[in-house]
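Contents: one structure, followed by commentary.
To find a chain, count down the sequence lines: A is the first, B the second, and so on, and within it residues start at 1.
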Amino acid sequence: MDVANVVVDVPVAQTNRMFDYRIPEYLQHAVFPGMRVIVPFGPRKIMGYVLEVTDHSDIDKLKPIESIMDVTPVLTKELLELGKWVAHHTISFYISTFQAMLPQALKASYEKQVQRLNDILPEKLEMIFAGRDVISFQEFEEAGVYQALQRAVQVGDVEIIYQVHSKETVKKQTYVKPMLEPLELEAVLADLPQQAKKKKAIIHFFQQHNKPIQKKELLEKLHTTQSTVKQLIDQGILKQEMVETYRDPYQNENIKRTQPLPLTSQQQDAMNAVVDTLDQTKHQTFLLHGVTGSGKTEVYLQAIHHCLTKGKEAIVLVPEIALTPQMVNRFKGRFGSKVAVMHSALSKGERFDEWRKVQRKEVQVVVGARSAIFAPFEQIGLIIIDEEHETSYKQEEHPRYHARDVAIQRAKYHYCPVILGSATPALESYARAKKGVYQLLSMPERMNNAKMPEVELIDMRDELHAGNRSMFSRQLKEAIEERLARKEQTVLFLNRRGYSTFVMCRDCGHVMTCPHCDIALTYHRKNQKLKCHYCNYEENMPDTCPSCESDTIRYFGTGTQKVEEALQEMIPEANIIRMDVDTTRRKGSHERLLRQFGNQQADILLGTQMIAKGLDFPNVTLVGVLAADSLLNLPDFRASEKTFQLLTQVSGRAGRHQLPGEVIIQTYTPEHYSVELASTYDYEAFFEKEMLIRKTYQYPPYYYLTLVTVSHPNQIKVMEVTKMISLLLRKHLSDDVRILGPTASPVARIKDRYRYQCMVKYKNEPNQREILRKILAYFEDEMRKDELLIQIDLQPYQLM
DNA sequence: AGCACGCCGACT
DNA sequence: GTCGGCGTGCTC
């Protein structure tokens, strides 16, 4: 067993396979599948993952593994298999997939250096080395002595070496502990001169607590300094040691422990179904369709509890945006230190530490965003995906996986249940539940006998006719004022997606667009600049129209900032908290703003998507949606579904406790079925209606989609390649497929690259991936040399 | 990807 | 003659 099959860290098609390496004598029985190793690859050294250890290879001369980067594998056998599966299903490289399954900190970084081999070097080189033995290659590049270097390498004066590092670091803290027994300490105490007050205090302390304490803590407790402690260490009375610790982002929070709540009968029914499956150790996917406020989370918590009592582990996925402290606390409150939390707001080091807790089996529950589905548990008993309809479960870069698919794949391996929870399930999921692929669990009632809040639709066209040109309808204004008078709170929701503050000339209609992308520039009020959201291009707000030189150039659209100002002007006495990307950028500000609102330091919470989910404030009795239809005009076949889901979610923020809630939705299209049916909370009717439309227009869940996007700086080239791809697809796929395109992408140019796409609609094309792979291979040379980019997204969510 | 190798035109 | 430009092909 001295051969290792390794996937190397070179993400291109040519190297997307295993390379064999010899395991040197000294590493025998130390190399295992799932470990990172450093291997020679051509003239350099790179990182790779060991997939298998075998005893033979078809290759004659194997190079040996240079060294191992891990003592224990970072990927389990299951995760290695899963990685291969994901790579295959998303048409990605193995290496990219394995990287995506692990925390960023485990990625390798590379450094190229020049090492001196001779005491005397040519003068030119000696100057650069300046007495050092090893220097970075970059310094030579900057000095521009390439030839001299090459000669030196040939002569053997210097050598080019390749360093591979892992970025992970382990945080260590300094601890201090006594070296002597309590009795001996007593003797030391007696010997100390009277004025050594601090030393005495320290020794006294250790007589009482005969165990290590963090140095920082000791210093603070006894109001003393480093030097005093150091003297005691030097005298051999105390000892200093470094102890590995976790970076714990929640360490300063006092989370109250909670107990299981009594379940309603519908909760109990859902629980039982899951628990039965769990007890039988079999796989089943459940779709938990529960209205907002029906207590889905309590079902999760108790199902997890049951899972833990069976000695198994649980993964809970939550959309990134809903991973608020409120949410985290519910899990930490119930399961305490058994929980690890993984999301993007953590630093790299924090995320690595949370991952390590899982790897070391120090926790049994992971709560996290999409990538937490790859948590390295080995005894999974339950996987939960909350708000399963959320689009953030689909990764929009390679590997373009959907966490739901990965979850089900893992659950099949572990013979365990998956719960997909939502008040507004994705059409795909609900259709599967109806077909019996998933088991449907319904919770149509709210807890505490709370009623769903009344929803009033306001036709903003009527407002305009009545002479109200503001962004607030008369009804909404009145309702807000009522809440102020009653000391109740309001949540105002502005959907900014599909709505931006663009700049247009009122005279000639000229719209300011990005010179590098086919998209309107967005006006940023705080620095008076126009910015491109795709390439970060920036320019000053012009005084006159660049096209007709009229000075009537203005910005249009509604930003949260603008809404806040208008709102403040309309109701000067209101205290408003605004939550958007700008006000929550700083770490912890998200949390602070919510706490302020929860403590009733404000009357109105105004925000974007980030306030649509998971918020639960008893005093909120009014929810206002400023523009319900802003999503509807997007070129996206899911626009209606997204609108329905969003309106339902937002409405669910009101009246969750004793006080009854009210929802006011402002819209220009009150007759649209997604708006209308959201106002009556009729998911079933919406589902039926939308399914009919999907069937007619041949969209999911009736058809699967594949989106191929081609981009290149030359428009002709893009069109040609896309045309060719669509012809190839048409030729090699079955006659049942529909191929749309080539067409220009919705954003036809980004960063000076033209974008064309074609879309495949199909029901069953087992050969499709193989054909796509061949098409990619065909264009591979051009993709490498000629700036051509072909992206393939199976079951895309983002059609842009 | 990143590197060597090799072939060609433009120079000290 | 030699330097360096880029196209080609390989990496266990």
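Stacking of A:Phe19 onto the six-membered ring of C:dC12 is not present when judged by under 5.5 angstrom between centres and under 30° between planes.
The nearest whole Å value for the distance from the CG atom in A:Leu51 to the P atom in C:dC12 is 17 Å. One atom, CD of A:Gln150, and another, C1' of C:dT2, lie 13 Å apart when rounded to the nearest Å. One can place CD1 of A:Ile59 at 13 Å from P of C:dC10, the figure rounded to the nearest angstrom. Following rounding to the nearest Å, A:Ile65 (CD1) and C:dT11 (C1') show an atom-to-atom distance of 16 Å. The distance from atom CE of A:Met47 to atom P of B:dA1 is 17 Å, rounded to the nearest whole Å. A straight line from CZ of A:Arg17 to P of C:dC10 spans 11 Å, rounded to a whole angstrom. Note: NZ (A:Lys63) to C1' (C:dC12) measures 8 Å, nearest angstrom. Rounded to whole Å, atom C1' of C:dC12 lies 13 Å from atom CD1 of A:Ile23.
Residue-level contact check: A:Pro11 touches neither bases nor backbone, having no heavy atom under 4.0 Å from any strand. In this structure, A:Phe41 reaches the bases: a heavy-atom distance under 4.0 Å links it to at least one base atom across the strands shown. Within the nucleic acid shown, A:Leu62 comes within 4.0 Å of sugar-phosphate atoms alone, with no base atom in reach, counting heavy atoms only.
Stacking of A:Lys761 on the aromatic ring of A:Tyr699 is recorded, both the 6.0 Å distance cut-off and the 45° axial limit being met.
Between A:Arg638 and A:Glu428 there is a salt bridge, since at least one side-chain N of the basic residue sits less than 4.0 Å from a carboxylate O of the acidic one.
The phosphate of B:dG2 has neither OP1 nor OP2 within less than 4.0 Å of any side-chain N or O from A:Tyr110. The side chain of A:Lys112 places an N or O atom within less than 4.0 Å of a non-bridging phosphate oxygen (OP1 or OP2) of B:dC3.
Nearest heavy atoms, A:Asn16 versus A:Ser92: ND2-O, 4.1 Å.
Counting heavy-atom neighbours within 6.0 Å of A:Glu126 CD, excluding the residue itself, gives a total above 12.
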